[in-house]
Amino acid sequence: MPGYHPSDFEKKWQAHWLNHKTFRAANPGQPGADRPKYYVLDMFPYPSGAGLHVGHPLGYIASDIVARYKRHMGYNVLHPMGFDSFGLPAEQYAIQTGQHPENTTRDNIARYTEQLQSLGFSYDWDREVRTSNADYYRWTQWIFLQLFNSWYDLDANRARSLKELTDAFGAGGSAAVRAAGDDADRAVFTAGQWQMFTEHQRLETVAPYRLAYQTETYVNWCPALGTVLSNDEVKDGVSERGGYPVERRLMAQWMLRITAFADRLLRGLDQLDWPDAVKEMQRNWIGRSEGAEVRFALEYRPTDALTVFTTRPDTLFGVSYLAVAPEFDGLDALCTDEYRDAVAQYVYAAKNRSERDRQADVKTISGQFTGAYATHPFTGARVPVWVADYVLAGYGTGVVMAVPAHDTRDYAFARHFELPIVPVIEGYDSALNEAYTEKSGRVFNSGFLDGLEVKHAITAAIAELEKTGQGAGRINFRLRDAIFGRQRYWGEPLPIYYAADGTARGIAEKDLPLTLPEIDEYKPTQDGNPPLGRATDWKYEKNGAHFPFELSTMPGWAGSSWYYLRYMDPSNPNRFVSEEAEKYWGEVDFYLGGAEHATGHLLYSRFWYLFLKDLGLVTGEEPFRKLLNQGMILGRSSIVYRVNVMWGLGLDSIDNSIARSLFISRDFKERLVKGGMESLEGKRIIGFLEHEQVRLETEEFSEQSVELIHAIDVSTDISEIKVDVSRVDNDVLDINGIRQWRDEFNNAEFLLEPDGRFLCGAEVEKMSKSKHNVVTPDDLVEKSGADALRCYEMFLGPLEQYKPWNTSGLSGVSTFLRRFWRLFHPEDGDFALTEEAATPAELKILHGTIKKVRDDVERLSFNTVVSALMIATNELSALNCHKRAVLAPLVIVLEPYAPHLAEELWAKLGHAPGTVSTAPWPAVEEKYLVADEVTYPLAVNGKVRSEMVFAATATAPEIEEVVRASDFLAKYAEGKAAKKIIVVPGRMVNVVV
RNA sequence: GCGGAUGUGGCGAAAUUGGUAGACGUGCCAGACUUAGGAUCUGGUGCCGUAAGGCGUGUGGGUUCGAGUCCCUCCAUCCGCACCA
């Protein structure tokens with residue numbers, strides 16, 4: 001039977017592609033690798049139990065279009081897919097059900113794979129990676145070991161191996177190196193002392209230099225999940241996943257020293273072709289700020305000092321107090337006896353306020369004087385030291401110098417505690433009741449800084465601090481080292497064991513992978529250990545002895561920080577990626593994914609890449625050259641409105657005692673809201689009750705009604721119930737369908753619009769099961785085909801935008817594909833094309849379309865391509881064009897968007913199956929692109945007076961001639977002869993008289 | 001508060017360098033054809049107005065012969081960060 005039926009061939013081609021490995025990317029040495037490479041990458045999904053909804057494929061479709069387009073352009077395209085398969089949801093499910101996360105993960109991946117394949121993506125499935133496979137995470141563990149065995153040399157500004165560090169220690173002691181990290185944690189020793197160190201001492205000495213290290217730190221502890229969360233996994237004081245409360249807790253944690261790379265991570269952004277929003281977020285997250293470190297000697301212990309970080313050393317003469325964070329280390333020692341108790345009390349209260357409370361109410365000003373005084377480095381004045389919870393322990397030194405006149409928070413604090421406010425920059429006005437925070441103005445009241453502009457005062461102040469040894473210029477970063485351990489099961493085990501002397505050591509490379517042990521339950525142990533504490537035999541065997549393994553596992557972002565490298569050489573047993581493959585594929589040319597990974601995954605990946613580069617393991621500059629964020633497709637929830645009414649048949653039969661619920665169509669709801677609840681009593685509401693075929697009215701009878709139902713009371717507010725969107729079409733509720741959906745609707749009454757329909761309200765929000773607004777691709781593919789869905793998702797609008805899903809528009813692209821099909825099947829019969837030569841009109845359509853599609857894909861404007869193809873199809877239909885010369889090239893142009901249809905037609909055109917994807921992009925013949933005619937505005941002395949149409953091929957002299965000969969000059973230039981005629985090609989003619 | 005983005009018909013949107021605003025698609029209206037279907041085809045559809053005509057790209061202003069597009073002002077919505085010294 002003829003006609004366009006995608007189900008006839010879509011599955012066929014998908015199977016063909018899979019069986020023939022049509023989209024296999026060639027690695028160096030394989031046939032095809034001589035072509036230029038192009039690497040198109042999707043952010044791989046976490047395979048959740050819910051499967052894909054229509055929002056998920058949006059980015060995959062776009063990247064697939066780019067991949068397919070690049071194949072036509074002659075590239076060797078790497079376009080892989082895999083699964084980020086370690087993660088919390090599978091673990092939570094495992095805790096609840098006892099199911100091994102491996103099983104649920106495997107099932108979910110199977111479902112994802114099936115759904116992805118039904119959409120016709122051109123992935124090279126041979127390269128699939130799964131982060132939870134031991135073959136994969138062995139290399140995640142291996143990279144961790146490299147981090148564990150490296151340190152960061154500030155002089156060379158790169159990561160280096162520990163061997164080089166210990167060599168340096170042996171030659172020059174601890175003074176021989178400058179390393180990233182906190183020197184306060186590190187021992188000072190000479191080369192001679194190093195030589196005498198035992199192995200244990202050496203390991204202890206080296207530990208605080210490592211790029212993967214353990215430390216006691218305040219972490220976000222989530223009791224409900226039994227694990228530590230990173231800052232970006234905590235939103236508003238609750239966990240991003242699950243929404244459980246999160247508290248601050250001091251714990252020993254594995255950390256990665258990402259801060260060592262802060263400056264390079266910041267500077268690298270400049271050369272990336274990424275959305276500004278993402279780059280800006282990363283800059284913000286890294287938070288570089290220039291300023292100075294200033295030492296304030298303590299009055300009673302002049303050998304000790306409080307060091308502050310400030311970006312405003314120019315305001316030093318305006319300091320009226322110092323403030324330290326409640327968590328500040330030497331706080332207790334700082335206090336005078338008189339104030340010790342009060343301070344302790346304050347600190348206790350401050351610490352017990354949860355992070356959320358502290359953030360929620362920044363307005364409340366609190367603090368406590370410590371009794372201590374420091375000495376001002378320039379004036380020698382006494383500066384009181386306070387403790388205040390507006391000072392953050394984690395930023396700078398945990399101590400600030402307060403300049404109330406020029407800082408909003410200091411100002412509020414000083415007003416509250418009646419501390420002095422000393423203006424030192426012109427611009428402060430005490431009458432305004434606010435600080436003057438502009439970074440401009442002239443300095444006064446400030447000794448040697450007087451008269452300087454802020455900018456110069458900053459340099460001068462720093463110079464003075466450095467001269468007197470009381471401080472120095474300093475650059476501070478907001479970025480914190482990344483916590484790298486999770487107290488949970490479903491993640492990569494850290495390849496670490498603890499030797500008899502208690503030191504943490506990496507396991508030998510030959511013992512990788514360290515595979516997850518089987519355990520009986522996935523919860524933390526009774527005594528609060530991570531789930532791995534349940535494993536029996538979780539011990540490292542070395543020389544016949546057994547040592548305990550680390551119990552925490554890696555965070556979710558470990559595996560995703562390097563997966564794009566594994567795709568290059570996915571099954572290499574000897575190396576995480578071979579040198580040749582890494583060198584060949586290089587950087588990812590085009591990376592597509594959600595903006596939610598802006599500061600997590602995308603920053604960690606860059607960090608790992610820079611680290612691997614320092615070790616000489618990768619050869620590019622950055623992992624992802626070009627990045628694009630696809631927007632989210634939102635659901636359109638359908639809402640029905642329910643009121644409780646008392647009602648009966650006819651006036652006499654009202655049963656006052658029985659309130660029944662009634663579902664009312666949207667318009668009645670609006671009337672009720674407008675008129676208030678009384679309107680059901682006071683005003684006529686006419687509508688049909690669905691199954692009784694009578695009118696519901698109030699007070700007044702209607703002549704047409706056979707039986708009357710009186711609503712006499714509305715006892716409750718209108719309640720809104722979200723209903724399954726698959727039972728709603730264009731806001732019209734399928735009442736029979738909804739009756740079967742839920743019991744509460746089964747015997748419900750529905751008040752209909754006069755035309756007999758029941759309308760739902762709508763709300764646009766994230767797709768989620770609980771809102772019943774999820775639309776899955778499966779039914780749509782089944783009904784309209786994958787090609788239609790692909791085209792439609794692109795047609796929806798600009799890729800980056802957030803947009804609501806609306807299934808009804810799908811019919812438009814279905815029609816387009818059917819029409820395209822018909823160009824090849826005249827009269828909707830058999831495949832038949834004529835061999836006639838194309839007319840100029842047809843060639844104009846053809847070449848215009850080839851160019852338009854090419855240009856639009858190049859500039860990543862995916863939506864306008866669909867329109868262009870629709871217009872071409874409609875125009876060729878109107879011309880009744882069924883010519884091979886015109887239509888064959890269009891099949892290639894269509895292929896990235898509708899690959900199944902293209903394959904089908906390509907085969908019918910007589911080509912070998914599966915070859916359309918590599919057919920060269922048709923050449924554009926420019927001569928067919930020009931317009932027939934162009935309208936020129938005609939102006940006299942720059943004032944437009946008229947317009948004239950010229951042939952598009954008309955030259956400037958020809959146009960001048962026509963203008964001169966026309967009555968234009970006589971009419972608008974009052975007959976004056978033209979001094980000069982200026983022709984702007986395609987734009988305008990200006991006559992100067 | 002800081003940073004980023006976006007405002008165009010009933011709806012999704014287009015207009016790539018300033019040059020006929022609203023292409024294309026939905027939705028709606030009318031018609032054709034049909035053993036009424038969520039099929040196909042044709043025409044119409046920015047707003048006001050019977051019409052002539054007028055008004056129209058968030059607001060107000062500016063540059064220009066000409067502004068959705070460039071400049072300034074304000075407003076609204078969304079996203080990210082947020083006591084970062």
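Below, chains carry the letters A, B, ... as their sequence lines are ordered, and counting in each starts from 1.
Side-chain rings of A/Tyr321 and A/Phe413 approach one another, their centers coming within less than 6.0 Å.
Atom OH in A/Tyr4 sits roughly 13 Å away from atom P in B/U40 (whole-Å rounding). At whole-Å resolution of the value, CZ in A/Arg636 and P in B/G12 are 10 Å apart. What separates CD1 of A/Ile871 from P of B/A23 is a distance of 10 Å, to the nearest Å.
Spacing of P atoms, B/U63 relative to B/C71, comes out at 16 Å, to the nearest Å. A gap of 14 Å separates the P atoms of B/A39 and B/C29, to the nearest Å. Between B/G68 and B/A15, the distance separating the two C1' atoms is 9 Å to the nearest Å. Atom C1' of B/C65 sits at a distance of 24 Å from the matching atom of B/G60, rounded to the whole Å. The gap from the C1' atom of B/C74 to that of B/U26 amounts to 35 Å, rounded to the nearest Å. Remark: the separation of the P atoms in B/G31 and B/C55 is 35 Å, to the nearest Å. Here the separation of B/G1 from B/G12, taken at their C1' atoms, is 35 Å to the nearest Å. Atom P of B/U57 sits at a distance of 9 Å from the matching atom of B/U69, rounded to the whole Å.
With a 3.5 Å ceiling on both atom-pair distances, the Watson-Crick or G-U wobble partner of B/C41 is B/G31. Pairing of B/U64, defined by two Watson-Crick or G-U wobble distances under 3.5 Å, is not identified with any nucleotide. The partner of B/C83 is absent, by the rule that a Watson-Crick or G-U pair needs both atom distances under 3.5 Å. Base pairing of B/C74 is made with B/G58, judged by Watson-Crick or G-U wobble geometry with both donor-acceptor distances under 3.5 Å. Look at B/G49: it lacks any Watson-Crick or wobble partner with both distances under 3.5 angstrom.
Backbone-only contact: A/Pro798 has heavy atoms under 4.0 Å from sugar-phosphate atoms and none from a base. Counting non-hydrogen atoms under 4.0 angstrom, A/Arg819 reaches the backbone sugars and phosphates but no base. Within the 4.0 angstrom heavy-atom criterion, no nucleotide atom of any strand lies near A/Asp855. Within the 4.0 angstrom heavy-atom criterion, base atoms lie near A/Lys852. Among the heavy atoms of the strands, none lies under 4.0 Å from A/Lys279. Residue contacts shown for A/Asn476 are absent, as no nucleic acid heavy atom lies under 4.0 Å away.
Between A/Lys851 and A/Asp855 there is a salt bridge, since at least one side-chain N of the basic residue sits less than 4.0 Å from a carboxylate O of the acidic one. With respect to A/Glu293 and A/Arg295, no salt bridge is recorded, no charged nitrogen being found less than 4.0 Å from a carboxylate O.
Remark: side-chain polar atoms of A/Tyr346 are not paired, donor with acceptor, to backbone N or O of A/Pro326 under 3.5 angstrom.
In this structure, A/Phe317 and A/Val422 have side chains that are not in contact, with every pair of non-hydrogen atoms separated by 4.5 Å or more. Contact of the A/His406 side chain with the A/Val454 side chain is not registered, since no non-hydrogen atoms from C-beta on lie closer than 4.5 Å.
Regarding contacts with the backbone of B/A13, a side-chain N or O of A/Gln801 is found under 4.0 angstrom from either OP1 or OP2. The side chain of A/Asn863 places no N or O atom within less than 4.0 Å of a non-bridging phosphate oxygen (OP1 or OP2) of B/C24.
Regarding the sugar-base torsion, B/G9 falls in the syn class, its angle being within 90° of 0.
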